Amino acid sequence: MKKIISVVGARPNFMKIAPIHRAFKKFREEHPDSEIIHKICHTGQHYDNNMSDIFIKELELPKPDFYLGVGSGSHAVQTAKIMIEFEKVLLNEKPDLVIVVGDVNSTIACSLTAVKCGIKVAHVEAGLRSFDRSMPEEINRILTDAISDYLFVSEKSGIANLKREGIPDERIFFVGNVMIDSLVYYLPKIDKSNVLKNFYLKPFEYGVVTLHRPSNVDYKDKLSNIVDFLREISVFKRLVFPVHPRTYNNLEKFGLLTLLNHNIVLTQPMGYIDFIALVKNSSFVLTDSGGIQEETTYLGIPCITLRNSTERPITVEIGTNYLAGEDINTAYGYIWEIINGNAKVGKIPELWDGKASERIVEIIVRAIQNW
Ligand code: UD1
């Protein structure tokens, strides 16, 4: 018997592990004698219903086999708590492989714990680099890639980055994008969402906003500038803004919440199906997220990214993403171009075809049988 544990922790992890879990299930159905067991560990980094449970339900993930319940805290506290609890799981379960995805604190905490227990690690979404070490995620990416045995890459820039950092070729696998696997799989359901009706919206007559990066939302001046910017846009375009808990807390703390006027619809964070339906029918998305840059590129929706760098350059090079930096005027210019019908036309990147998870499972299964 071979045992694999996949880790989920924060909101963007669920849509990446769901298709991997489905691919393992499919493999077992097709190979009933294979004796490969796939379990899921939820660290509890995100714990609200609308940051976690709703995704487990909508993405048809089973109840996690292990729940570590670590919750919020400083980076050191959160990472350390995950490591302490995850080590107990590993010592009990003795898995052959741990799979981590993305770049959140749960990713580095669990990969580091596994490697120190002598357990192999596979990192899905490896090799992405923003080259901005002030981002906590960049540190998580670099460290996780340095200690992983299998590095599954979603876009070609990742291969070059890993090679430059001295990762041997035989550890690198260009498989495509598991987040897009979820998107492709759930498109029929997404198209049936009632989210537009519920918010009285008409297709392409509104923009979507998401913000949660500490660099954008943790400082009063910065957040205040962004709020002014949103107010300006909302004069000519309705905005829908599902607010991340970190952002909500700061808007409240800095006294900015009441400035978001009636043409900006503020909502709780949304579930996966409704959120993607909202994006798919929007005129543009204004965001500082990582994954949304990819989802908009796949859907052909213009995306203005309020960051100085992106670890997903393919979305700018061939997709629909604009990197606006921190200059609000630049972002304003892009929105104006889009509203005037001059948005750039994107292409879907190589291997973003809904089958990345199946490729990953095939590679893992082939490897694991020889251990
Ligand atoms: C984390 C990830 C980030 C990812 C984001 C997606 C790291 C370093 N950051 O950032 O890469 O893009 O998730 O959302 O791992 N909170 C709640 N309820 C929750 C979760 C969080 O209220 O269910 C609040 C807490 O006040 C918490 C704050 O949000 O302190 C931030 O949560 P945290 O997990 O530390 O980081 P995120 O900003 O969500």
Side-chain angles (χ1 to χ4, degrees), residues 7-17 42-57 59 64 67-83 85-86 100-113 123-126 128-130 132-144 179 182 208-219 222-223 241-254 267-272 275-276 285 287-296 303 305-307 309-312 315:
V7 175
V8 290
R11 181 169 62 177
N13 298 158
F14 300 106
M15 47 294 248
K16 297 171 192 169
I17 290 296
H42 186 340
T43 65
Q45 177 175 347
H46 284 175
Y47 43 86
D48 284 355
N49 175 50
N50 54 20
M51 296 295 285
S52 166
D53 302 7
I54 187 168
F55 291 90
I56 294 181
K57 207 169 128 224
L59 297 163
Y67 184 72
L68 309 183
V70 299
S72 300
S74 69
H75 285 273
V77 166
Q78 193 174 56
T79 309
K81 270 189 177 171
I82 297 170
M83 290 184 70
E85 295 306 316
F86 192 54
V100 294
V101 292
D103 54 17
V104 300
N105 285 344
S106 301
T107 311
I108 177 61
C110 293
S111 51
L112 187 51
T113 312
H123 183 206
V124 175
E125 216 180 63
L128 297 181
R129 295 290 180 269
S130 66
D132 173 1
R133 290 200 178 198
S134 69
M135 281 179 82
E137 293 82 0
E138 182 74 353
I139 307 298
N140 294 343
R141 292 180 200 116
I142 294 169
L143 297 181
T144 304
M179 194 163 206
S182 276
V208 177
V209 180
T210 85
L211 295 166
H212 72 280
R213 294 271 156 225
S215 59
N216 279 330
V217 305
D218 280 3
Y219 307 98
K222 190 74 201 290
L223 191 55
F241 184 3
V243 192
H244 184 282
R246 171 194 284 279
T247 311
Y248 190 87
N249 293 340
N250 289 337
L251 284 169
E252 207 169 35
K253 186 166 90 189
F254 301 146
T267 79
Q268 296 271 322
M270 285 184 184
Y272 181 72
F275 181 71
I276 300 292
V285 177
T287 191
D288 59 10
S289 152
I292 295 171
Q293 297 172 51
E294 298 180 336
E295 288 162 334
T296 45
C303 177
T305 300
L306 282 180
R307 285 171 43 186
S309 58
T310 178
E311 60 289 335
R312 294 158 159 95
T315 60

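Quantities reported herein were computed from a predicted structural model and do not represent experimental measurements. Indexing begins at 1, ligand by ligand and atom by atom, following the structure's order.
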**Study point:** Close side-chain approach of H46 to P245, heavy-atom, < 4.5 Å
**Key:** no
Exercise for review: Just jot down the salt bridge (charged side-chain N to carboxylate O under 4.0 Å, His left out) partners of K222, sequence neighbours excluded, or say none.
Suggested key: E326
Check your understanding: Is any side-chain heavy atom of S215 less than 4.5 Å from a side-chain heavy atom of M135?
Key -> no
Check your understanding: For Q268, what residues pass the side-chain contact (heavy atoms from CB on, under 4.5 Å) criterion, not counting sequence neighbours?
Key -> N50
Exercise for review: Taking the side chain as every heavy atom from C-beta outward, state whether T43 and F86 have any atom pair closer than 4.5 Å.
Suggested key: no
**Study point:** By salt bridge (charged side-chain N to carboxylate O under 4.0 Å, His left out) - contacts of D53 (at least two apart)
**Key:** none
I'd like a table of the close N/O pairs between ligand 1 and the protein (anything under 3.5 Å), one pair per line with both atom names and the distance.
from, atom 1, to, atom 2, distance (Å)
ligand 1, 11 (O), E137, OE2, 2.6
ligand 1, 12 (O), H212, NE2, 2.8
ligand 1, 13 (O), H46, NE2, 3.4
ligand 1, 14 (O), H244, NE2, 3.2
ligand 1, 15 (O), Q45, NE2, 2.8
ligand 1, 15 (O), N105, N, 2.8
ligand 1, 18 (N), D48, OD1, 3.4
ligand 1, 18 (N), D48, OD2, 3.0
ligand 1, 23 (O), Y47, N, 2.9
ligand 1, 23 (O), D48, N, 2.9
ligand 1, 34 (O), Q45, NE2, 3.3
ligand 1, 34 (O), H46, NE2, 3.2
ligand 1, 38 (O), R246, NE, 2.8
ligand 1, 38 (O), R246, NH2, 3.3
ligand 1, 39 (O), H46, NE2, 2.8
ligand 1, 39 (O), H244, NE2, 2.9

